[in-house]
Structures are given as structure tokens and as C-alpha cells.
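Here's the structure we're looking at; comments come further down.
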Amino acid sequence: MKRDFKQSRPDRWSDKSRPQPERSEYNNELFVEYYKKQGVVPEGQWDEFMDVLKTPLPTTFRINGTGKFAIDLRDKLESDFLSNFNKDPIMVAGETLQPPRPLPWYSNKLAWHMSFSRGQLRKLPILAEIHELLKRENEAGSITRQEAVSMVPPLFLAVEPHHRILDMCAAPGSKTAQILEMLHAGTMMPTGIVVANDADAQRCNLLAHQTKRMCSPALIVTNHDATMYPIVTDHTAKW
């Protein structure tokens with residue numbers, strides 16, 4: 001089972017990733033017809049609306065806040081790699097690259113946003129170095145590749161070390177790992193726990209791979225239909 005999982009698990013940072021289609025290829029006549037009838041935007045703003053939808057999402061990642069060297073990694077990233085963007089503008093294919101920046105709403109500058117594509121990452125030496133750093137630290141568990149919108153829900157939960165969290169649709173596990181970080185934010189071993197569930201067995205494998213890097217004793221991974229999930233209890237209370 002482990003061998004099959006390794007063969008099928010996608011490498012989010014691999015150079016062999018399927019190339020992204022050009023913006024002109026993002027066309028769907030049925031989509032356009034349906035949403036124009038819904039009146040989601042004024043008619044005069046439709047073209048602008050479609051341009052935004054066709055814009056590829058930026059690359060975003062978190063530095064794992066409970067890692068022993070999280071702050072050192074952040075400082076190294078800023079001083080050794082991102083400082084190059086403070087000099088002359090960097091051009092790729094006639095376009096000026098926007099410098100990487102921390103997400104302002106994520107504490108301690110532990111979450112970052114980069115607007116260049118994987119293709120651009122491989123065209124310049126400094127970008128290739130960043131690309132290799134991200135792959136290496138992702139495999140080591142020091143960072144987590146995660147969309148910015150996915151980082152938001154755990155922040156609203158305001159998890160504390162004594163909380164008990166049931167994540168009913170947890171795969172692939174980036175939010176679950178973020179919740180575990182928050183659970184371990186105290187100086188002592190947390191008394192709370194995260195039960196991470198997914199209905200798909202293969203996705204549970206991915207979930208286990210994503211979260212095992214945390215080496216947390218406060219995690220249980222289950223594979224169950226969430227609509228028929230059993231009552232979860234401990235020795236003292238129902239939760």
C-alpha cells in the first residue's frame with residue numbers, strides 16, 4: 001500500500017508538473033452563458049471579471065510555525081534569497097517580476113505570497129534557487145504549500161492547546177497541519193487532540209503523509225463516511 005501511494009502521490013513542486021494552459025485556453029461557452037444570465041457582475045465589467053478568473057493563482061506557502069528553526073528559515077529566506085528583489089527590477093520575458101511578500105494577516109511573516117509561475121521559477125538562477133529551496137524544505141516538513149484562502153479558516157478557529165477538533169473532510173491535510181501547529185503553540189504538550197477524517201481511503205493516505213511531518217501525538221486519522229460518523233467520546237465527557 002505504501003509503494004502504491006508513493007507512485008500516485010503528486011509532487012506539487014516537481015518540474016514535471018503538467019504545464020498550465022495559456023489564458024486564451026480558459027474558455028467555456030456554457031460557463032459564460034450561465035453566469036451572464038445570473039447577473040453576477042454588471043455587463044460592462046464582464047470582460048474584466050473573466051480576466052480575473054483566468055489569472056493563475058499565486059504560489060503561497062507557510063513556514064511551519066512549530067518547527068525548531070522556523071524563524072531562522074524565515075530570516076534566511078529574506079536575507080539570502082528575497083534580498084535580491086530589493087535591488088534592480090528583475091525581468092522575465094519582458095515582464096517585471098513582483099517581489100515575494102509576506103501575507104500581512106499571518107503572524108510573524110510565516111506565510112508568503114509569490115506571483116511568478118513555476119515556469120518563471122526555472123528561467124532565472126535566483127528563481128531556480130528559490131524553487132529548489134521550496135522543494136527541499138517542503139519535503140523536510142519545514143514549509144507547507146498551501147493556498148492563502150485555505151490558511152484562513154484555522155485562524156478563525158483560534159485553536160488553543162486544550163481544544164478538541166474534529167476535522168470531518170481533512171484531506172489533503174494542509175489545514176489539519178496548520179491546526180496541529182496551533183495546538184502545539186504552548187510550551188507544554190497539548191492536552192487537546194485533532195481527529196482528522198476523510199471518506200476516501202487514498203486521500204487518507206495523502207492526509208497521513210502531510211501530517212506525519214508534525215510528529216504530533218495529538219492526532220488521529222480516520223477513514224469514515226462523515227454522514228454516519230460515530231459519536232466520539234473520551235473517559236470524562238462527550239465531544
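If you read the sequence from its start, that first residue is 1, and numbering goes on from there. From a predicted model like this one, the values you see are computed outputs, not experimental measurements. We use all heavy atoms of the structure for the numbers below, so side chains are in, but hydrogens, waters and symmetry mates are not.
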Close side-chain approach of [X] and [Y], heavy atoms under 4.5 Å:
X	Y	value
Tyr106	Leu155	yes
Val40	Trp46	yes
Ile143	Trp112	no
His184	Ser216	yes
Arg74	Ile71	yes
Phe61	Glu147	no
Leu183	Ile165	yes
His113	Pro100	no

**Message:** If the condition is ring-ring contact (aromatic ring centres under 6.0 Å, His included), which residues does Tyr35 pass it with, not counting sequence neighbours?
**Reply:** Phe31
[X]: which residues meet the side chain to side chain donor-acceptor pair (under 3.5 Å) condition with it, sequence neighbours left out?
X	value
Lys76	Asp80
Thr176	Asp167
Tyr229	Thr222
Gln146	Arg62, Ser150, Gln178

Please report the interatomic distance [atom1]([X]) to [atom2]([Y]), rounded to the nearest 0.5 Å.
X	Y	atom1	atom2	value
Arg145	Thr60	CZ	OG1	5.0 Å
Leu53	Glu48	CG	CD	11.0 Å
Arg213	His209	CZ	NE2	6.0 Å
Leu206	Thr211	CG	OG1	9.5 Å

Provide the closest heavy-atom pair for [X] versus [Y] in the form atom of the first, atom of the second, distance.
X	Y	value
Ala177	Met214	O-CE, 3.9 Å
Lys175	Pro153	CD-CG, 4.2 Å
Ala158	His163	O-CE1, 3.6 Å
Asp225	Thr227	OD1-OG1, 2.8 Å

**Asked** If you measure from the Lys or Arg side-chain nitrogens to the Asp or Glu carboxylate oxygens, is any gap between Glu139 and Lys135 under 4.0 Å?
**Response** no
**Complete:** Result for side-chain contact (heavy atoms from CB on, under 4.5 Å) between Leu219 and one of Leu207, Leu180, Val195 points to Leu180
**Message:** Between Asn27 and Lys54, is the side-chain contact (heavy atoms from CB on, under 4.5 Å) condition met? List the steps.
**Reply:** CA-CA 9 Å; Asn27 293 316; Lys54 293 177 182 180; 3.2 Å; yes
**Message:** For His162, give me all partners under side-chain contact (heavy atoms from CB on, under 4.5 Å), at least two apart in sequence or on another chain.
**Reply:** Glu160, Thr191
N/O donor-acceptor pair under 3.5 Å between [X] side chain and [Y] backbone:
X	Y	result
Arg203	Ala171	yes
Asn223	Ala199	yes
Asn108	Leu110	no
Thr55	Asp51	yes

**Prompt:** Under 3.5 Å, is there a donor-acceptor pair between the Thr144 and Asn64 side chains?
**Reply:** yes
**Message:** Does Gln38, at its CD atom, have more than 12 non-hydrogen atoms belonging to other residues, nucleotides or ligands within less than 6.0 Å?
**Reply:** yes
**Request:** Step through the shown structure and confirm whether more than 12 heavy atoms of other residues, nucleotides or ligands are within 6.0 Å of CE on Met189.
**Result:** no
**Item:** Path from Met188 to Met182 over hydrophobic side-chain contacts below 4.5 Å
**Value:** no
